[in-house]
Amino acid sequence: MSVNRTSHGGRRLPRRQQIFDPYEVTAIYENPATGWRESVPRRAWLWMFLFGLFYMAARNLWRPFTFVLVVLIGTLLVAWPLIFIVAPGFWILAAVQAQRMFREHYLRLGWDEIDPWHQEDEHADAMA
């Protein structure tokens with residue numbers, strides 16, 4: 001394995017390209033600055049439905065996490081009995097909109113969307 005020298009005098013091993021199974025993911029996003037890739041699983045809606053805010057926090061979706069948390073706390077402070085209607089509503093809405101939340105999150109950060117079925121082609125174009 002070859003070792004590259006960095007401008008700071010340190011050594012850096014070449015990064016191995018991440019390849020995701022297109023049957024398991026709906027989208028892949030790549031950070032153009034570092035080449036790091038993150039995938040969105042096909043079952044993101046299920047994980048969002050089962051774990052809700054905890055899944056948002058684990059996947060660094062801080063903007064929707066904060067919005068839902070503020071609405072739930074506001075509901076508790078203003079009219080606490082409504083929490084039994086609002087909380088399940090937001091829980092289901094988050095699960096339904098999971099793919100959209102991920103897409104907006106990564107595109108807002110400036111990441112590039114990569115087609116899961118043509119990952120090797122994107123990597124070959126970048127290396128050429």
Side-chain angles (χ1 to χ4, degrees):
M1 181 179 288
S2 66
V3 176
N4 299 330
R5 298 260 179 220
T6 64
S7 61
H8 303 294
R11 296 177 355 147
R12 182 172 52 100
L13 295 173
R15 178 170 291 190
R16 205 176 103 204
Q17 188 63 35
Q18 297 166 300
I19 303 294
F20 298 98
D21 182 10
Y23 291 106
E24 296 293 324
V25 299
T26 57
I28 299 170
Y29 299 95
E30 182 177 59
N31 185 337
T34 62
W36 181 257
R37 289 184 176 180
E38 289 284 338
S39 66
V40 179
R42 286 200 185 278
R43 294 189 180 108
W45 65 271
L46 177 64
W47 305 131
M48 193 74 77
F49 182 74
L50 293 176
F51 303 111
L53 289 174
F54 300 110
Y55 186 68
M56 285 185 199
R59 292 298 300 256
N60 292 324
L61 296 172
W62 296 114
R63 190 174 290 202
F65 173 86
T66 306
F67 175 74
V68 171
L69 197 62
V70 166
V71 168
L72 292 178
I73 291 173
T75 304
L76 274 174
L77 294 176
V78 174
W80 68 269
L82 286 178
I83 198 71
F84 298 109
I85 297 170
V86 173
F90 270 106
W91 203 281
I92 292 169
L93 183 66
V96 170
Q97 297 293 323
Q99 300 294 334
R100 183 171 171 242
M101 279 194 288
F102 277 108
R103 185 178 194 313
E104 288 180 2
H105 170 72
Y106 286 116
L107 293 180
R108 186 178 294 120
L109 292 175
W111 290 39
D112 299 326
E113 188 170 3
I114 295 176
D115 183 12
W117 296 98
H118 302 289
Q119 298 173 54
E120 294 85 8
D121 300 341
E122 302 266 342
H123 180 61
D125 292 342
M127 296 302 283

From CA spacing to verdict: side-chain contact (heavy atoms from CB on, under 4.5 Å), F102, L61: CA-CA 8 Å; F102 277 108; L61 296 172; 3.9 Å; yes

Residues Y29, W111; criterion ring-ring contact (aromatic ring centres under 6.0 Å, His included); working and verdict: CA-CA 6 Å; Y29 299 95; W111 290 39; 7.7 Å; no

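A salt bridge does not link E24 to R42: none of the charged side-chain nitrogens sits closer than 4.0 Å to a carboxylate oxygen.
Evaluated for a side chain to side chain donor-acceptor pair (under 3.5 Å) with T26, the options R43, Q99, R103 yield exactly one hit, Q99.
E38 contributes atom CD, which lies 11.5 Å from atom CD1 of I114 (distance to the nearest 0.5 angstrom). Of the inter-residue distances, the one linking M56 atom CE with T66 atom OG1 reads 10.0 Å to the nearest 0.5 angstrom. Note that OG1 of T75 and CG of L77 are 9.0 Å apart. Values are rounded to the nearest 0.5 Å. Atoms OH and OG, on Y106 and S39 in that order, are 8.0 Å from each other to the nearest 0.5 Å. How far CD of Q97 is from CD of E104: 8.5 Å, rounded to the nearest 0.5 Å. Taking CD1 of I83 as the reference point, atom CG of L72 lies at 4.5 Å (rounded to 0.5 Å).
The number of heavy-atom neighbours closer than 6.0 Å to CZ of R108, taken from other residues, nucleotides and ligands shown, is above 12. The number of heavy-atom neighbours closer than 6.0 Å to CZ of F20, taken from other residues, nucleotides and ligands shown, is above 12.
In plain terms, the two heavy atoms of P41 and R59 that are nearest each other are CD-NH1, 3.5 Å. Annotation for P22 and P116: closest pair CB-O, 3.6 Å, computed over non-hydrogen atoms. Contact detail for F90 and V71: the closest heavy-atom pair is CE1-CG1, 3.2 Å. Nearest heavy atom pair, residue P32 against residue D112, reads CB-OD2, 3.7 Å.
Taken together through direct or relayed side-chain contacts under 4.5 Å among Ile, Leu, Val, Met, Phe, Trp and Tyr, I85 and V78 form parts of separate hydrophobic clusters. Criterion: ILVMFWY side-chain heavy atoms under 4.5 Å apart, direct or through other members. Under it, W80 and I73 are part of a common hydrophobic cluster. The cluster map of Ile, Leu, Val, Met, Phe, Trp and Tyr, joined by side-chain heavy atoms under 4.5 Å apart, puts Y55 and V70 in different clusters.
Ring centroids of Y23 and W117 are separated by less than 6.0 Å, placing the two rings close together.
The shortest side-chain heavy-atom distance between V40 and V25 does not fall under the 4.5 Å cut-off. Within the 4.5 Å cutoff, no side-chain heavy atoms of F67 are placed close to those of W62. Here the side chains of M101 and M48 are in contact, with some heavy-atom distance below 4.5 Å.
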